[in-house]
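Below: the structure, in structure tokens.
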Amino acid sequence: MLMFPLSITQVLKNPPMEKFVIQDRNKRRCTSDTPAGSPRKKIKQERDEKIKEEDSEDDEDAAFAEFSNPVPWQKIEAEGLDCDYALLFSKEEADCLFTQLEEEVVYARGEESKVQVYGKVYNIPRKQATYGDAGLTYTYSGVRRIACPWTPTLEYIRDTVTKTTGQTFNFVLVSRYKDGQDHMGEHRDDEKELDPGCPIASVSLGAARDFFFKHRDSRGKQSRRQIEPVKLELAHGSLLLMNPPTNTFWYHSLPVRKKILLPRINLTFRRILLDSKRESKPKPGVS
């Protein structure tokens, strides 16, 4: 099994999003390389260099304004698996966000809290809620979910994820695990409503939990190949970005952990296609 111990102290030598990295503004060019010349020429060179430095700082300011929450990323890769992991929120902010979500989020009840698997209906072993832009719906496991209006805290987390990744999201699935008994079975987020070019951004708050990836060709007794599963631990305040084509080839799950006694809230931000875009998508093999 491929295991990735994750912590905030890990900084990649080659981060996956180099354009988000802001260069050190305190660096200054060595003046010993300036060619000798007349005083007028030196003044002109110094003026040109100052203008260049100011332009560079303006560019850095613009980049920093657009992506105002740069974080150190850890790259997680395997055959057909492409993920990025980072600690997005400090413990103090993550604690505050968890408390606010406990007050704001209204979870599904009754029939909406059930799921259909291979024709049978089961109670979902966790609480779930769906929020997003007006009019959006999302169907999975035979259940159609309507997006509730964004809450202030969900909007804040969504906007933070967007500033960090450069990706926009219009829908979020909120899952609450009361303790380690609550879990999530193996599945892929490959529903037709989802934009296939957009990653799924998973924010974890609360108890740290193990998270497993398993390749589709290595599942079950009749597996065709021996491919090592990938195990992560999703920490309090973390962000896991599941990039394409991960959900095409890999199933993921959150198994039971009886020793976990504290709750966890997970937010999976997605981009749902509008009906017009969905209908305009060509079918496989049709030009």
Side-chain angles (χ1 to χ4, degrees), residues 16-17 19-20 65-71 73 76 81-89 93-94 97-98 100-101 104-108 126-141 143-176 184 187-206 211 232 234-235 237-248 250 252 254 264-278 280-281:
M17 300 183 182
K19 66 179 180 180
F20 301 156
E66 184 176 3
F67 303 106
S68 58
N69 195 12
V71 295
W73 290 93
I76 302 167
L81 186 146
D82 181 358
C83 294
D84 299 300
Y85 178 92
L87 283 178
L88 183 61
F89 300 108
E93 187 170 16
L97 293 173
F98 185 95
Q100 290 175 302
L101 290 176
E104 294 178 4
V105 175
V106 179
Y107 293 97
R126 58 195 174 277
K127 290 184 178 180
Q128 289 192 319
T130 50
Y131 290 82
D133 293 353
L136 288 180
T137 61
Y138 181 51
T139 304
Y140 64 97
S141 299
V143 180
R144 182 171 177 265
R145 307 287 187 187
I146 300 174
C148 298
W150 295 99
T151 73
T153 303
L154 288 174
E155 278 190 328
Y156 172 79
I157 299 173
R158 178 202 63 195
D159 293 346
T160 303
V161 172
T162 292
K163 290 176 183 178
T164 303
T165 65
Q167 297 284 346
T168 58
F169 304 92
N170 57 12
F171 185 90
V172 64
L173 175 64
V174 184
S175 299
R176 187 186 190 278
M184 177 182 65
H187 71 286
R188 291 180 293 173
D189 296 321
D190 59 352
E191 288 76 19
K192 64 180 181 179
E193 292 97 331
L194 299 178
D195 185 341
C198 180
I200 291 177
S202 174
V203 174
S204 297
L205 299 168
F211 190 77
L232 315 175
L234 302 181
S238 67
L239 167 62
L240 176 68
L241 204 62
M242 292 182 280
N243 304 305
T246 299
N247 272 292
T248 299
W250 292 79
H252 55 270
L254 193 89
R264 170 182 183 261
I265 296 176
N266 178 248
L267 314 171
T268 48
F269 291 92
R270 306 145 190 259
R271 186 188 302 157
I272 292 182
L273 294 168
L274 302 178
D275 288 339
S276 59
K277 292 182 179 180
R278 202 180 308 163
S280 64
K281 287 176 63 180

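- Here Leu81 contributes atom CG and Thr246 contributes atom OG1; the two are 4.5 Å apart, rounded to the nearest 0.5 Å.
- In plain terms, the two heavy atoms of Met184 and Arg126 that are nearest each other are CA-NH1, 3.6 Å.
- Nearest approach of Glu193 to Thr137, heavy atoms of both residues: CG-O, 4.3 Å.
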Is there a side chain to side chain contact (heavy atoms under 4.5 Å, CB included) between Gln167 and Phe169 once you walk through the steps?
CA-CA 7 Å; Gln167 297 284 346; Phe169 304 92; 3.7 Å; yes
Val172 vs Ile157, test: side chain to side chain contact (heavy atoms under 4.5 Å, CB included). Steps then yes/no.
CA-CA 10 Å; Val172 64; Ile157 299 173; over 6 Å; no
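- With sequence neighbours excluded, the residues that form a ring-ring contact (aromatic ring centres under 6.0 Å, His included) with Tyr138 are Tyr140, Phe171.
- Taking CH2 of Trp250 as the reference point, atom CE of Met242 lies at 13.5 Å (rounded to 0.5 Å).
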Could you go through Ser202 and Asn266, starting from their C-alpha distance and side-chain angles, then the distance that decides it, and tell me whether this counts as side-chain hydrogen bond (donor to acceptor under 3.5 Å, both in side chains)?
CA-CA 7 Å; Ser202 174; Asn266 178 248; 2.8 Å; yes
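- Of all heavy-atom pairs between Trp73 and Leu239, the closest is CH2-CD2, 3.7 Å.
- Rounding to the nearest 0.5 angstrom, the gap separating the CG atom in Asp189 from the CG atom in Leu173 is 8.0 Å.
- Contact between Asp190 and Asn247 at its shortest, heavy atoms only, is CB-O, 4.0 Å.
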Between Thr162 and Phe269, does a side chain to side chain contact (heavy atoms under 4.5 Å, CB included) hold up when you go through it step by step?
CA-CA 10 Å; Thr162 292; Phe269 291 92; over 6 Å; no
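- Taking CZ of Arg270 as the reference point, atom CD of Glu191 lies at 7.0 Å (rounded to 0.5 Å).
- Under the 4.5 Å side-chain criterion, counting only non-hydrogen atoms from C-beta, Ser204 is not in contact with Leu240.
- Taking CG of Leu136 as the reference point, atom CZ of Arg271 lies at 12.5 Å (rounded to 0.5 Å).
- Between Val174 and Leu154 the shortest side-chain heavy-atom distance falls below 4.5 Å.
- Atom-to-atom distance recorded for Leu205:CG and Arg176:CZ is 12.0 Å, nearest 0.5 angstrom.
- Residues Phe89 and Val203 are in side-chain contact: their nearest non-hydrogen atoms beyond the backbone lie under 4.5 Å apart.
- In this view, Glu104 and Thr151, Thr153 satisfy the side chain to side chain donor-acceptor pair (under 3.5 Å) rule, not counting sequence neighbours.
- What you find for Tyr85 and Leu87 is that their closest heavy atoms are OH-CD2, 4.1 Å.
- Remark: side-chain polar atoms of Arg145 are not paired, donor with acceptor, to backbone N or O of Ala129 under 3.5 angstrom.
- With Thr164 contributing its side chain and Thr160 its backbone, the two residues share a donor-acceptor pair below 3.5 Å.
- Put simply, the side chain of Leu273 reaches to within 4.5 Å of the side chain of Pro196, judged on heavy atoms.
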Under the criterion side chain to side chain contact (heavy atoms under 4.5 Å, CB included), I'd like the reasoning laid out for His252 against Arg188: C-alpha separation, chi angles, the key distance, then a yes or no.
CA-CA 6 Å; His252 55 270; Arg188 291 180 293 173; 5.6 Å; no
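- Between Val105 and Lys127, the closest side-chain pair of non-hydrogen atoms is not below 4.5 Å.
- Between Tyr131 and Val106 the shortest side-chain heavy-atom distance falls below 4.5 Å.
- Of all heavy-atom pairs between Gly237 and Ala94, the closest is CA-CB, 3.9 Å.
- Taking the side chain as every heavy atom from C-beta outward, Leu88 and Glu93 never approach each other to under 4.5 Å.
- You'll find the side chain of Trp150 reaches within 4.5 Å of the side chain of Asp133, heavy atoms only.
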